[in-house]
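Read the numbers this way: they start at 1 and go in the same order the structure lists the ligands and their atoms. This chain uses plain numbering: 1 for the first residue, then up along the sequence.
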Amino acid sequence: MSSFTVHPALPYGAGCADSSFGATYITFVNVLTSVINARLDREHQRRVQEARNGHQKDEEVDFVVVGGGSAGCVLAARLSQDPGVKVLLLERGGTEPVQARVPAYLGYVLRANVAEYLKSRPDPHSCNGTGCALTVPYVLGGGSSLNGMMFIRGSSVDFDQWAEVTGDEGWNSTNVLALYKRVEDNQDAAISMDEEYHSRAGPQPVGWMAYRHPSLQVLAEAMEAAGVPFRLDVNGESQLGHSFVQTSTKGGERWSTYRSYLQPALGRPNLRVETFAKAKRVVFEQRDKAAPRAVGVEYTDAAGQVRVARAKREVVLSAGAIHSPQLLLLSGIGQADQLQELNVTQLVELPVGEGLQDHPRPTGLEFACGPPLCVVDWVSRRRDLAQYRRARDGPLAEALGLQYSAFLRTELQPAPPNGTGPPAKQPDLQLLFPATLELDNGARCLDSEPWRWNRIQWAPAVLHPRSRGRVSLNASDPEGPPVVELGYFTDQDGHDLAVVVEGLKMGVAQQDRLAEHGLKLNKDPRLSPTCSQLEFGSDEHLRCVARTTTYTLWHWTSTCRMGREADPAAVVDPKLRVKGVQGLRVVDASVMPYVTSGNTNAPTIMVAERAATLILSDHGLPRGD
Ligand SMILES: Cc1cc2nc3c(=O)[nH]c(=O)nc-3n(C[C@H](O)[C@H](O)[C@H](O)COP(=O)(O)OP(=O)(O)OC[C@H]3O[C@@H](n4cnc5c(N)ncnc54)[C@H](O)[C@@H]3O)c2cc1C
């Protein structure tokens, strides 16, 4: 029994153990997750001992960073570059397990105690009316240790919009490009030579996955035949087209921000990282009539003791777009009605938690593939393991098919005024092709299969949703998982659903071409049972598929939006300082005013890079790189 448990053991789908392949498969996954959990347990026990024996009095540092995820690892590393600056990073989970480095273990690692599973509030517009399952990172490295590794910067138009809404040219596409170049160590010789867009100078490796499943090539050829142009580099001048995208990998392994930024800094005497440390609230002091000042963080250590870490300079919340707003609310920053209901004394009135954006996508349209294109037996799997051990390539060096994608601009995206100016280049639709595995007896063991698969979903995601959701405190357990309302497909004019249906239609239209090359449209009614009475492929059927098989792309953002001082929707100013208080910033995906045109890990790292510069310069400290 695990002494550190984020979630109960996750069940397998019915019928999974009923075939010899399924039984071996389950054993493999169980052994892998047990090994990870045992390691996390040992780390937890060590922390408990340290907490009991170790620091007798509460600690004082220059900066306390809460949450060691994609953003938090960047910040802790950058802020501690000057040996004179003391930094404490608090992370509620344990350290990224080494198994997370193997791209194809992604779906199995997620079953270990590195993520918590929340369910969004049920809503008739999406997720079959029952709420969507959210995999929320709970580990040092955060999303960057568990994600699909696609490294997508977003469109230059996104950042020009950020600059416009914040009034801060530091967020415009030109300045953001410089930040991205500071982040990146591009592994491709040709791409890294394009110095206008790329660099080799940063800590974050960005490269091709070391293996491409042949079914992805079939998709690429179909896309080409349909007239969608191929794009070599989605992180250059434009994203539009279909592409094999670069990923946060090097040498066949994942490179999270834990590995690329934090690990090299761990030996610094001025940086302390405390895992299994869960922040409860920000501590404020108020003198005279001045705005309240954040002076520390109250947290529970591994031994369950409540401690206060004091910050001489600043507290930075990097707990992600679900938990940073929760911490602000627990600290009295939020809307009066919600705080009053929970007896939290209000310090500042701000729309904390409002405006959540994500990229919804359905799972209900898929293509089946069999041998020779897709082979899933154990003989091949054993060979894969040997190949990966030997050379860090082969099928274990990719994950879920998520290295192939298309960025498109539908008719639903308004054209630029009078057709003037440069060609519009902001996509509004992303096609992804997550892989799954169905056993001979029809059983599906996991939601997704990142290693060897025989099903590929055609998953269109709406990139610029007009619907917004929110995060709020759970009245019965305010410090427990917050309430997440995704708001998918709730926009008045039905725009978001229409974009997804456009994307699904493209998949249906491709069925003959794909079938010729071994990918057969799967019309099994069990994929979207609620829609089985409707004519397959009709608009009504596809709308039903979108609403009933909705899934998250894990890109929750914008719950502590940045904006101008006078913007009533803004929680932080363009320098990411929480409005109305002193000494407190939010630095993670929650500050994005709008979600970007693509996957959100790279933009979150970029935000953290700029934040580090802003913080250091506000305190007159050198940047040091
Ligand atoms: C399964 C999955 C797949 C994804 N795939 C991709 C992809 O392929 N490409 C891509 O670009 N993006 C992807 N994303 C999204 C991307 O990873 C996130 O946008 C990014 O990680 C967000 O970073 P963050 O710093 O805002 O939050 P996180 O990385 O989630 O970090 C938040 C951290 O804070 C910690 N924390 C929370 N509350 C507390 C507390 N009270 N006290 C202490 N610590 C706390 C958490 O444990 C976590 O480590 C994926 C995400 C997931 C979950």
Side-chain angles (χ1 to χ4, degrees), residues 6 64-75 89-96 103 106-107 109-110 114-118 133-154 206 245-249 254 256-258 274-282 297-301 309 316-327 330 358-359 399-403 405 430 432 434 447-448 450 479-482 551-560 586-592 595-596 598-608 611:
V6 177
V64 178
V65 179
V66 175
S70 296
C73 288
V74 174
L75 274 170
L89 174 63
L90 300 173
E91 165 56 44
R92 63 180 179 165
T95 303
E96 175 192 283
L106 161 62
V109 171
L110 285 175
V114 294
E116 67 177 334
Y117 289 86
L118 307 188
L134 307 176
T135 312
V136 184
Y138 205 115
V139 66
L140 195 56
S144 69
S145 300
L146 306 175
N147 64 20
M149 291 161 275
M150 296 173 81
F151 199 84
I152 313 284
R153 293 175 175 178
V206 179
V245 300
Q246 288 197 300
T247 51
S248 40
T249 59
R254 172 195 298 275
S256 61
T257 57
Y258 165 70
E274 186 169 334
T275 49
F276 303 102
K278 187 175 174 206
K280 289 162 70 73
R281 66 182 183 100
V282 180
V297 174
E298 187 179 284
Y299 71 100
T300 312
D301 69 18
V316 185
L317 298 183
S318 297
I322 292 176
H323 290 97
S324 284
Q326 179 189 26
L327 286 168
L330 289 170
D358 188 9
H359 293 139
L400 265 174
L402 287 179
Q403 58 174 311
S405 197
Q430 182 178 3
L432 297 111
D447 287 342
S448 53
E479 290 188 19
Y551 208 73
T552 174
L553 245 194
W554 313 284
H555 295 165
W556 36 84
T557 65
S558 315
T559 48
C560 307
V586 178
V587 179
D588 57 29
S590 40
V591 302
M592 296 183 193
V595 66
T596 50
N599 313 61
T600 43
N601 193 44
T604 305
I605 298 173
M606 176 279 291
V607 164

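- Atoms CD1 and CG, on I322 and D588 in that order, are 11.0 Å from each other to the nearest 0.5 Å.
- Two residues are said to be in side-chain contact when any heavy atoms from C-beta on lie closer than 4.5 Å; N599 and V245 fail this criterion.
- The side-chain contact (heavy atoms from CB on, under 4.5 Å) test with L146 is passed by exactly one of T135, V109, V136: V109.
- Within 4.0 Å of ligand 1, the residues that place a heavy atom are V66, G67, G68, G69, S70, A71, L90, E91, R92, T135, P137, Y138, V139, G142, G143, S144, L146, N147, G148, M149, M150, A277, K278, A279, S318, A319, G320, H323, L327, W554, H555, D588, A589, N599, T600, N601, T604, listed by chain and number.
- Side chains of T557 and T600: no donor on one and acceptor on the other come within 3.5 Å.
- The shortest distance between side-chain heavy atoms of R254 and N147 falls below 4.5 Å.
- Remark: S558 pairs with Q357, R468, R561, M592 by the side chain to side chain contact (heavy atoms under 4.5 Å, CB included) rule, at least two apart or across chains.
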